[in-house]
Amino acid sequence: MAKDVKSQLTSLLQQALERVAAEAGATPIYLERPRDPTHGDYATNLAMQLAKLLKKNPRDIAMQLVSAIPASVLLQKAEVAGAGFINFTLAPHAKLQAVRAVLVEGENYGRSTQGGWQKVQIEFVSANPTGPLHVGHGRGAAYGASLANLLTFAGWDVTREYYVNDAGRQMDILGLSTWLRYLEQCGVAIPFLPNAYQGDYVRDMAAQMRVAHGDKLVRPATQVLAGTPGLPEAERSDDEAKRQRDQHLDALIANAKALLGADWAYVHHHALSEQLADCRNDLEEFGVDFDVWFSEKALFDTGLVARCVDLLEKKGHLYVQNGARWFRSTTFGDEKDRVVQRENGLYTYFASDIAYHLNKFERGFDKVINIWGADHHGYIARVNGAITALDLDASRLQVALVQFAVLYRNGQKASMSTRSGEFVTLRELRKEVGNDACRFFYALRKSDQHLDFDLDLAKSQSNENPVYYIQYAHARICSVLNQWAGDLASLAEADLGVLDNPRELAIASKLAEFREVIDNAARELAPHLIAFYLKDLAGEFHAWYNAERMLVDDPQLRDARIALAAAVRQTLRNGLAILGVSYPESM
RNA sequence: GUCGCGGUAGCUCAACUGGAUAGAGCACCGGCCUUCUAAGCCGGGGGUUACGGGUUCGAUUCCUGUCCGCGACACCA
């Protein structure tokens, strides 16, 4: 496959650079696409970059570069403009090269070798399996899935991973919540806790346990509540009341474990597996798949957490204070030291996370990407510190923060607390807005920026969602191709030279840009760039569609236009596939 | 208080290593369906890029100060 036009152009400039100023031959050459079409198809600021180095007027350098550029059939003209830009106008046939490339390469058009088939792990979603996924998780899921597709397309060997927090207190609370609902359904009156999980799904799980085991798991209220401090008044929200509620909750968990014995493991496991299955099903329906579901509990069971802490101890990065064991993360730029083992002997979440990252690196990934909610940003320094402390290369870890989607309902911020049970679930959103609009809507914003998700608007305007604009372009092309009813495979041989109107050449040029967008998006971990690109491409297609007829009498012109349309369709498909959005043939 | 993200048209957002006259969609106004899908197209109005200073050939972009919004700052996960 011949090199694309942009790289050919870059190499022409490189030759000119070496003729004009060999000593500056290593200056990176950037070609950009000018906003203003009168500035040609590509432009470079190379002369301005050289100006300081060569101590010469940028326009003079630009002139010299232009005259030093080897003759090429690709170029219609190269001229100096503005403060020292060099603007390139491509010959029409050079622009049309991309159309043939799309038709020949098909679903592989746009793939690049950027990643060099290095192994990259992307860990995302990783929500606690304590209830349904909500709209905030949905954003991380959409981002991670699209990014994984994108990096695969850009030549990386991608592993998609979900870290299951199945070891902590939150899981105990879920188990307890389920058991309390079960007791309630069996007629044992115990006041339900404000800080337990409230959702209906907890009642459902309790009902399932009752069906499976009858009253076998029932214990008397007096025993369940034995030794608990009781609850403060419901309206109190001060720290003291909060502490008392937590103590009450923990006492109940301890009682549950003691009273149920081996059955506690069943309750715990039942709740976990139900929630995890629900979560997996939800994600699958959303087009989000994982290669690995990694258990936090396994890190404890295999002793890796303990080994990890020992390792840090041996390397002298730990100390004991107030009965707890601390990691001296300030050595590595963190603002304060962090506890890895609590006074009560239990490891913190941070400890297992260090072990998890050690495990990731030991699995031999060249690059590890963590997609975290933006609320975890304070966490980056300590994890990087721990990795460095273990003599691993922290630069191989990249953390992509996803800002929360802030929900608005009836013009008011909607609660996102899983515990309150008043959240909007991802499933509800998908059902009302549709998977395609959902995936695309999430992809329309840079991941590290706030997303105001107005539910009413998203629902009421679903017909105006830009995803339909793109899908509509695709459907229109399908319709024309059906009516043409020719042999698609023959289009790659069509004589495109008759495509000479500006809209057609602009579209061809836009198709070439797809490669650049893929590379750029992969480098920036920014799949949203693809969404913007697709909007542009669809827009140019719609304008052309309204201005010109494809099924004209002249067979040569007709086939050339059909070929162009087919190339647009293919490129739309390739882009939409990365975003996990479908491309219906009719709408 | 410290840290992170942000402040661009009435609203939601773009603007590629710092580039040339800051662009789209929605909303508003006016046009286009006897011809391949009107979920479309064409045209119009709408801006001191929050504010001050700095860096330079050039700043929405980088630095700095102020103001405003959101979030994070646990021996929680």
Side-chain angles (χ1 to χ4, degrees), chain A residues 28-36 38-39 43-45 48-49 51-52 57-59 81-85 87 126-128 130 165 167-171 173 246 296 321-326 335-336 338-344 346-350 352-353 373-381 401 403-404 406 413 444-446 448-452 454 457 461 463-473 475-484 513 516-517 520-521 523-524 526 528-529 532 535-536 538-539 541-552 561-562 565 586-587:
Chain A
I29 296 176
Y30 295 107
L31 282 170
E32 62 174 23
R33 288 171 176 268
R35 283 200 272 256
D36 184 340
T38 66
H39 294 147
T44 183
N45 61 352
M48 284 121 111
Q49 291 198 307
K52 193 171 281 182
N57 180 321
R59 281 193 67 102
F85 292 98
N87 292 339
S126 300
N128 285 348
T130 52
N165 295 116
R169 178 166 175 263
Q170 295 305 320
M171 281 312 305
I173 297 175
D246 277 345
E296 180 191 9
Q321 189 176 60
N322 299 332
R325 201 183 300 192
W326 297 70
E335 56 190 16
K336 53 184 283 197
R338 309 290 173 175
V339 171
V340 291
Q341 193 172 18
R342 292 197 283 265
E343 195 178 358
N344 62 13
L346 294 177
Y347 291 108
T348 60
Y349 174 82
F350 178 44
S352 54
D353 221 20
D375 54 331
H376 283 63
H377 96 264
Y379 214 76
I380 298 173
L401 293 181
Q403 291 286 344
F404 279 140
V406 182
K413 207 183 277 189
L444 259 180
R445 203 106 315 157
K446 212 185 291 180
D448 60 356
Q449 285 189 0
H450 294 284
L451 172 61
D452 286 341
D454 185 327
L457 200 68
Q461 293 203 341
N463 278 352
E464 291 165 18
N465 193 302
V467 69
Y468 295 109
Y469 183 76
I470 297 166
Q471 289 179 325
Y472 187 48
R476 273 181 153 177
I477 297 169
C478 289
S479 174
V480 173
L481 288 177
N482 284 337
Q483 289 172 55
W484 169 67
E513 193 183 335
E516 299 161 29
V517 170
N520 203 19
R523 202 175 314 111
E524 305 281 327
H528 75 280
L529 293 173
F532 287 115
K535 274 192 347 182
D536 285 350
F541 171 76
H542 284 306
W544 178 51
Y545 180 92
N546 278 276
E548 308 288 344
R549 231 184 120 69
M550 285 170 238
L551 297 174
V552 293
R561 285 183 173 167
I562 292 290
S586 66
M587 292 174 70

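Below, read A as the first sequence line, B as the second, and so on, with proteins coming before strands; counting in each chain starts at 1.
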For the [atom1] atoms, the ones on [N] and on [M], what distance do you get once it is rounded to whole angstrom?
N	M	atom1	value
B/A14	B/U8	C1'	10 Å
B/A50	B/C16	P	15 Å
B/U60	B/U49	C1'	5 Å
B/G54	B/A59	P	12 Å
B/U17	B/C13	C1'	23 Å
B/G10	B/G53	C1'	31 Å
B/C76	B/U64	P	36 Å
B/A24	B/G43	P	10 Å

With sequence neighbours excluded, residues passing side-chain hydrogen bond (donor to acceptor under 3.5 Å, both in side chains) with A/Asn344: none
Non-neighbouring partners of A/Arg325 that pass side-chain hydrogen bond (donor to acceptor under 3.5 Å, both in side chains), sequence neighbours left out: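 A/Glu313, A/Gln341.
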Lys/Arg N to Asp/Glu carboxylate O, A/Arg169 vs A/Asp246, below 4.0 Å: yes
Backbone of A/His528 reached by a side-chain donor or acceptor of A/Arg445 within 3.5 Å: no
Could you state the atom-to-atom distance from [atom1] of [X] to [atom2] of [N] in whole Å?
X	N	atom1	atom2	answer
A/Tyr469	B/U12	OH	P	22 Å
A/Tyr30	B/A20	OH	P	17 Å
A/Asp36	B/A15	CG	C1'	14 Å
A/Met48	B/G19	CE	C1'	6 Å

When all nucleic acid strands are considered with a 4.0 Å heavy-atom cut-off, which category describes [X]: base, sugar-phosphate, or nothing?
X	answer
A/Ala473	nothing
A/Asn45	base
A/Asn87	base
A/Arg325	nothing

Check: A/Val552 and A/Arg561 side chains under 4.5 Å, non-hydrogen atoms: yes
Bracket string, RNA chain B, 5' to 3' - pairs by Watson-Crick or G-U geometry under 3.5 Å, | interstrand: (((((((..((((.....[...)))).(((((.......))))).....(((((..]....))))))))))))....
Ring geometry between A/Phe541 and A/Tyr545 (parallel below 30°, tilted from 30 to 60°, perpendicular above 60°):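 Geometry flag for A/Phe541 against A/Tyr545: tilted rings.
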Parallel, tilted or perpendicular, as decided by the 30° and 60° cut-offs, for the rings of A/Tyr379 and A/Tyr349: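 Tilted, since the angle between the ring planes falls between 30° and 60°.
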Where do N or O atoms of nucleotides 35-37 of chain B meet protein N or O atoms at under 3.5 Å, pair by pair?
residue	atom	partner	partner atom	Å
B/U35	O2'	A/Arg549	NH1	2.7
B/U35	O2'	A/Arg549	NH2	3.4
B/C36	O3'	A/Gln483	NE2	3.1
B/C36	O2'	A/Gln483	OE1	3.2
B/C36	O2'	A/Gln483	NE2	2.8
B/C36	O2	A/Leu551	N	3.2
B/C36	N3	A/Met550	N	3.0
B/C36	N4	A/Tyr545	O	2.8
B/C36	N4	A/Glu548	O	2.4
B/U37	OP1	A/Ser479	OG	2.4
B/U37	OP1	A/Gln483	NE2	3.1
B/U37	OP2	A/Ser479	OG	3.0
B/U37	OP2	A/Gln483	NE2	3.2
B/U37	O2'	A/Tyr472	OH	2.3
B/U37	O2'	A/Arg476	NE	2.9
B/U37	N3	A/Met587	O	3.4
B/U37	O4	A/Met587	N	3.1

Footprint string (nucleotides 6-11 of chain B, 5' to 3'): B base within contact, S backbone only, - free, heavy atoms under 4.0 Å: S-----
Sugar-phosphate or base contact per nucleotide [nucleotides 72-77 of chain B; S, B, -; heavy atom under 4.0 Å]: SSSBSB
Verdict with reasoning, A/Glu343 to A/Asn322, per side chain to side chain contact (heavy atoms under 4.5 Å, CB included): CA-CA 7 Å; A/Glu343 195 178 358; A/Asn322 299 332; 5.8 Å; no
Aromatic-base stack, A/Phe85 on B/A20, cutoff 5.5 Å, angle under 30: yes
